[in-house]
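The structure under discussion appears below in the form of structure tokens.
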Amino acid sequence: MPAVPALNIPANSAIAQPEFLMGVATASYQIEGAADEDGRLQSIWDTYCDEPGRVLHGDTGDVACDHYHRWEADVDLIAGLGVDAYRLSIAWPRVMDEKGVPNAKGISFYKKLLDALKAKGVQTYVTLYHWDLPQHLQDRGGWASRETAYAFADYADLMSRELAGKVTAWATLNEPWCSAYLGYGIGRHAPGVTDLRQTTQALHHLLLGHGLALAKIRANDPGALRGIVCNTGVFGPQTDSAADKDAAYLAHVQQNYWVFDPLMLGSYPKDMFRLWPGTEPLVLPGDMEIISTPMDFLGINYYFRSVVETDGKGGYKEAPHSDKVERTQMGWEVYPKGLTEILVDFNARYQDMPPVYITENGMASDDSVSDGSVADPQRIRFLENHLMAVNDAIKAGVDVRGYFIWSLMDNFEWAYGYERRFGITHVDYTTQVRTPKHSSLAVQAFLQQRKRPQR
């Protein structure tokens, strides 16, 4: 086997210190499988996958990585990496029925998983909602309906009672921007709606549900940290023209401030509705106070930069791709500096920003097993450069406490099915054999080195 490239992280960097938390992440629908077992209900992603043309190659999450049955071996895999923490999500359709009655079998799965991780010394960062809304709630309007925010609070209440003492940190939502815009705006994600008016209302109800859930978690599991996970984007103008610069600004508002301003400032950015006039959500008295409930941490996901230009109608559109920049299998530009930029920007804009964890960062590549190993040198460089971008943000005064690699293993990549591989562990979807990629070995070696006492 060829020598595995190392993660070149300077020993004096913040990232190389044992107190900087390092973890790996997954999500329920992307790895669990067992879609029809032990009382699990239909989710919006089951429905979406069943609709022809929605998902590449007609792939579904019915089996995925079969984690529901292979969780014990996967816990060993996580512990063997030497990471400090594992970020996972709970499948809402697995733990309660349509009337809100707890599903003991589904809850037991998560209890056993969390107990096993704790026994291995792995901290647990649990996300309550990573996009798999029960279909029966979508049938009544989904996140475009205020009812779903209250249903989410009930779900958070149940899980924080059942799992109290087993969770290091609770995140209410994963990437509400994706749930709202990709799910209700352009239909690229479940439930596949295309209606901007529903989009802004869905985001409002997602954030309302988040605030309501924080109160439940605080009451039921006061020893755990409480926060949210949001995706971010960085945008550059195609030209130096005023119109293109404004387009890049509006893209930044739509991707970032639309979500973070209500959470951190208690208001929606006015320029959001310059971009989408007439789409303001219905906001009831007290909503913004609930949404802006203080948190213990902020989870930030970052992957790439986009270049945009004016659409000639006061908005923006993505500019043609340049062949001069490095890209991943997703076609996304590799731009580590953007992670530093977004962290520094938020730190200046939000005076009371809580400690930050990078809860997802990683890249897809077309990986395959050769002679029992998987070489992924681009991913090793990607991780190295983004970790150093975090280090630069820390040096600039941003309180970043940890970093989670997306992902522990290859998995169901939503509308892209199984073609795009984000894992540091290769998964053969026919045999379910897990093969650590070179990036996994590099991370493992880095973490082992980090734990050694410095002379």
Side-chain angles (χ1 to χ4, degrees), residues 7 9 15-28 30-32 65-91 107-128 130 159-160 162-171 174 217 221 223-227 229 296-297 299 301 355-362 383 387 390 400-411 422-425 427 434-437 439-452:
L7 276 178
I9 306 294
I15 309 303
Q17 308 315 308
E19 58 268 24
F20 184 83
L21 184 135
M22 288 286 294
V24 287
T26 65
S28 51
Q30 294 183 267
I31 68 167
E32 284 180 2
C65 304
D66 197 30
H67 174 71
Y68 189 76
H69 300 114
R70 300 168 187 268
W71 64 270
E72 290 175 284
D74 288 340
V75 167
D76 289 339
L77 182 69
I78 295 162
L81 273 170
V83 293
D84 305 305
Y86 175 51
R87 179 177 170 237
L88 65 143
S89 76
I90 294 170
I107 294 169
S108 174
F109 166 73
Y110 294 107
K111 286 182 174 178
K112 290 185 292 185
L113 176 61
L114 293 169
D115 285 343
L117 289 161
K118 192 171 184 178
K120 297 280 190 182
V122 179
Q123 296 179 45
T124 50
Y125 280 63
V126 174
T127 304
L128 281 166
H130 201 127
M159 296 317 299
S160 56
E162 290 282 352
L163 303 180
K166 302 179 187 293
V167 175
T168 306
W170 291 95
N174 177 77
I217 297 166
D221 197 8
L225 299 175
R226 299 167 295 276
V229 170
D296 300 315
F297 75 94
N301 297 351
V356 170
Y357 292 84
I358 307 306
T359 33
E360 286 182 29
N361 180 241
L383 295 174
L387 282 165
V390 173
V400 187
R401 304 277 180 92
Y403 175 98
F404 290 80
I405 298 165
W406 186 270
S407 175
L408 167 66
M409 65 180 83
D410 296 334
N411 53 53
F422 273 90
I424 60 170
T425 305
V427 177
R434 276 82 157 133
T435 304
K437 301 179 187 179
S439 56
S440 172
L441 303 176
V443 168
Q444 182 186 49
F446 167 67
L447 293 173
Q448 287 174 347
Q449 178 65 36
R450 204 173 68 149
K451 288 174 182 174
R452 292 177 191 148

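- Rounded to the nearest 0.5 Å, atoms OG1 (Thr26) and CZ (Phe404) are 11.0 Å apart.
- Taking Ala116 as the reference, Trp71, Val75 meet the side-chain contact (heavy atoms from CB on, under 4.5 Å) condition, with sequence neighbours excluded.
- Screening residues 78-87 for salt bridge (charged side-chain N to carboxylate O under 4.0 Å, His left out), with sequence neighbours left out, gives Asp84-Arg450, Arg87-Glu360.
- A search for side-chain hydrogen bond (donor to acceptor under 3.5 Å, both in side chains) contacts involving Tyr125 returns nothing, not counting sequence neighbours.
- A distance-only check finds no donor-acceptor pair linking the side chain of Gln444 to the backbone of Gly82 [under 3.5 Å].
- Among residues two or more places apart in sequence or in another chain, the side-chain contact (heavy atoms from CB on, under 4.5 Å) test is passed with Thr435 by Val369, Val374, His426, Val433.
- The existence of a salt bridge linking Lys437 and Asp410 is confirmed by a sub-4.0 Å separation between a basic side-chain nitrogen and an acidic carboxylate oxygen.
- Taking Ser160 as the reference, Trp170, Ile217, Asn220 meet the side-chain contact (heavy atoms from CB on, under 4.5 Å) condition, with sequence neighbours excluded.
- Looking only at distances, no side-chain donor or acceptor of Ser89 sits under 3.5 Å from a matching main-chain atom of Thr127.
- Take Ser407 and apply the side-chain hydrogen bond (donor to acceptor under 3.5 Å, both in side chains) test, not counting sequence neighbours, and it matches Asn411.
- Among residues two or more places apart in sequence or in another chain, the side-chain hydrogen bond (donor to acceptor under 3.5 Å, both in side chains) test is passed with Asp66 by His69, Arg70.
- Phe20 meets the ring-ring contact (aromatic ring centres under 6.0 Å, His included) test with no other residue; sequence neighbours excluded.
- Without hydrogens or angle criteria, Lys118 side chain to Gly165 main chain gives a donor-acceptor distance under 3.5 Å.
- Scanning for salt bridge (Lys or Arg N to Asp or Glu O under 4.0 Å) contacts around Asp74 gives Arg434, with sequence neighbours left out.
- Considering only residues two or more places apart in sequence or on other chains, Lys120 meets the side-chain hydrogen bond (donor to acceptor under 3.5 Å, both in side chains) condition with Asp76.
- Qualifying ring-ring contact (aromatic ring centres under 6.0 Å, His included) partners for Phe297, counting only residues two or more places apart in sequence or in other chains: Tyr357.
- Remark: Glu162 engages Ile107, Lys111, Leu158 in a side-chain contact (heavy atoms from CB on, under 4.5 Å) (not counting sequence neighbours).
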